[in-house]
Amino acid sequence: MKLSKQDMDPSIRLETATLEGKNKILGFWLFLAAETVLFSCLFGTYLALRTHANGGPTTQELFQLPLVAIATFILLTSSLTSVLGIVAMHKHDVNRCFNWLFVTVLFGLSFLGLEIYEFAHYIHEGLTMSTSAFGSSFYTLVGTHGSHVLFGSIWISFILIQLKSRGLNTDTAPKVYVASLYWHFVDVVWVFIFTLVYLLGTLE
Amino acid sequence: MGGYNFRPTERFDGSTIWDWLTTVDHKKIGILYVGSGLIFFLIGGVEALLIRLQLIVPDSGFVTPETYNQLMTMHGTTMIFLVAMPLLIGIMNYAMPLQIGARDVAFPFLNSLGFWLFFVGGLLLNLSWFFGGAPDAGWSSYTSLALNDYSPGPGVDYYVLGLQISGIGSLIGGINFIVTIVNMRAPGMTYLRMPLFTWTTFVTSALLLFAIPPLTVALLLLMLDRLFGTGFFSVALGGEVVIWEHLFWIFGHPEVYLVVLPVFGVFSDVISAFSKKTLFGYLSMVFATVLIGFIAFMVWVHHMFTDGLGAMANTIFGIATMAIAVPTGIKIFNWLFTMWGGKIRFTTAMLFSVAFIPTFVMGGVTGVMLAVVPADWQFHDSYFVVAHFHYVLLGATVLGLFSALYYWWPKMTGKLLNETWGKWHFWLFLFGFHLTFLPQHFLGLYGMPRRVYTYESSPMVDNINMISTIGSLGMTLGTIFFLYNIVVTQKRGQRAGADPWDGRTLEWTIPSPTPEYNFAQLPLVESYDPLWEAKMNGDGKVPAAEPLGSIHMPSSSYLPLFISIGMFVAGYALILHSYFVAVIGMIVVFAVMGVRSFEVDHGYHLEAEELTGSSNLSGKGVHGR
């Protein structure tokens, strides 16, 4: 794709250079507002049901903080790498932007690997979605977050392919920007999961 | 051409049906919403009529109790989700961008996706009649009744999945409208120069944004409970049924304002236009709209006064509920003061708006009665509640929708609806409405519970039910007049012209029906009521903000339709418990989203010479005059 003058000039923020870009970013912020409400409802449900173990395994018996701490560390670091990707984008450095986002996806996938291991472990310990109301709400809340991580990883991979083939321009830059917004949002949700699910579940 | 055609769509490109299936034009999408909303209105209306016919005499065996439950559930679900919301979103889609002087909405592709998701969701819901039985747990689908133990058939699965799919469509619509209003207003169209209908669209969209996700979660949890054996609402597994009630009403109460606020905007525009006066108390109207939108989220517990949540909770939510009467009262008085001293023209649109005022006040008064907690313990689940919410929902939303349709119909189709038929429609519908629902207050006071398929004979209850059913026949007759009016005027209706009502806002500066690019030149807005201002202080033409030039248009796309079909397949497969097909459906959805992500589509340009029937704007596009 031929780059226009605008695409080359690093003083121009590519993601907000066009009305389409501005619309996309505002629209995405609104979507994140809706997602916030969605997760709030899932958190509320979890908090109401987290002690309803119904004779099955309880939070104290299941949760191990070291594993969760590693997962948290990986995910929060991936937020940092996505910021570094945006910084590179603002300098119109497409290669560096690509590399940082690639690392972000790798972190995302390793987080998912840990989560799958964790769920398999819990199922082995006797907690499934239909063991108890606690199990239902736990897997639904944490699983919804996990599916967001999966969706984000695939999405950013698609954008990476576009960065390779088309470079940075007013069409791809808004995509990179909103994908990073999404990634931060998913990480922030994890901070709440870490606190309200794991810390609250082990420390009491 | 010869040989194999590698672009299969070339064969239907240009055909009318393909054009409508793939359109991304906000006006065509608006018309699609209105058309399908009207079809669902007929379906929901027939369901209501069957309910009333069953109740015309005591101990009637006209329909079975099972069928009655399905009719009652589908009537409520259809009227709220498939009639009120899509008709309003359709009118917003058509009128709002024109009112703010925009060429398009912010996300034309997503707009089309939103419509098709709504449509396949509604289709799925109504297919339940033919395949396995309709949902029968009430429109609020309370657990445990809606769980497998008490609703064993697939009915509630249809409810859960149909509403989930159409709910995603509504959320998309809300985001689209907000971004359009924030980023795409014409030069000079400040927030406080926006017509009231645009303002209510704005606040309604914010309500959609925050109210749909709780519904999404509630439906998700119910789906998991019914299909995958989780225990959110199952007491045996430690679940809590009250979680459903909370989530449902955190959505459900704002939903009431979702369908009422936009018609408040319609009334403001219509009453102002047909009184030939600027809207009285514009700023207080905007303030009241925002305030109502805000309080809408604060009062959901008033649906649960008899749940045993405690006296303090009930008191707080009771008082918060009564507080809504204040901004609503502000609006009512502003409409009255707008008419005061105005040159009123009683067109059909104006009649529907004026008739709304006393009707809604009556509904509001019974609303405050219901907000009194000890009294609610008496009214709870009786016909008094049925009468109340029909007075507010029908009295505002349906009268408002009819008003809006008569008002904007000429802009949408280029033809005026016949006024004589319109007045027959109005009087029959209004009279039938009051005859149906006014007596139901007394049915409630006599102790008749709602949602029961029959009742024992006793003198007053028999008579009131008979009167109520006769009233519903009046509404039916009125609706038939409306349909007849549509058919007749489409064939040989009077041509509308750009400004049939002597209007005040920007949509009346452009030809009817609206050309695909809306405004050949963007208008320059210098006041509230810009067209009226131009008529009073100028040559009747709103100045243009730019010279005539080429206009960028989005290209149409079949991808939204494909995503929606994928969703439909996935939803239906889940209902049939064939999870393999459901996964395939979802893979189609995500694959098409991937295709969209890689698509480079910059649309096309309409050049200045191609712009026909230029608008009612003046000047060569220099700022100022």
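Since the model is a prediction, treat every value here as computed from it, not as a measurement.
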Flag the pair [X] / [Y] as yes when at least one side-chain heavy-atom distance between them is below 4.5 Å, and no otherwise.
X      : Y      : value
B:V179 : A:K24  : no
A:R166 : B:V600 : yes
B:M184 : A:L19  : yes

Under 4.5 Å from any heavy atom of chain A, what part of [X] do you find: side chain, backbone, both or neither?
X      : value
B:L247 : side chain
B:A236 : backbone
B:L208 : neither
B:L220 : side chain
B:F233 : neither
B:I175 : both
B:S597 : both

Shortest non-hydrogen separation from [X] to [Y] and the atoms involved:
X      : Y      : result
A:A133 : B:G231 : CB-O, 3.5 Å
B:F210 : A:A33  : CE2-CB, 3.9 Å
A:L49  : B:F232 : CD1-CD2, 3.8 Å
B:P214 : A:V37  : CD-CG1, 3.6 Å
B:T230 : A:S136 : CB-OG, 3.4 Å
B:N183 : A:L26  : ND2-CD2, 4.0 Å

Structural part of [X] lying under 4.5 Å from a heavy atom of chain B:
X      : value
A:E35  : neither
A:T140 : side chain
A:F151 : side chain
A:T36  : neither

[atom1] of [X] to [atom2] of [Y]: how many Å apart, nearest 0.5 Å?
X      : Y      : atom1 : atom2 : result
B:I250 : A:S40  : CD1   : OG    : 9.5 Å
A:L30  : B:I172 : CG    : CD1   : 13.0 Å
A:S130 : B:D225 : OG    : CG    : 10.0 Å

Using the rule given for side-chain contact (heavy atoms from CB on, under 4.5 Å), can you reason through A:Q162 versus B:F598, listing the C-alpha separation, both sets of side-chain angles and the distance that settles it, and then say yes or no? CA-CA 7 Å; A:Q162 295 176 31; B:F598 281 95; 3.5 Å; yes
Within a 6.0 Å radius of atom [atom1] on [X], are there more than 12 heavy atoms belonging to other residues, nucleotides or ligands?
X      : atom1 : answer
B:F109 : CZ    : yes
A:F102 : CZ    : no
B:Y579 : OH    : yes
A:Y117 : OH    : no
A:R96  : CZ    : no

Given A:F134, A:W155, A:F158, A:Y139, the one with more heavy-atom pairs under 4.5 angstrom with chain B than any other is A:F158
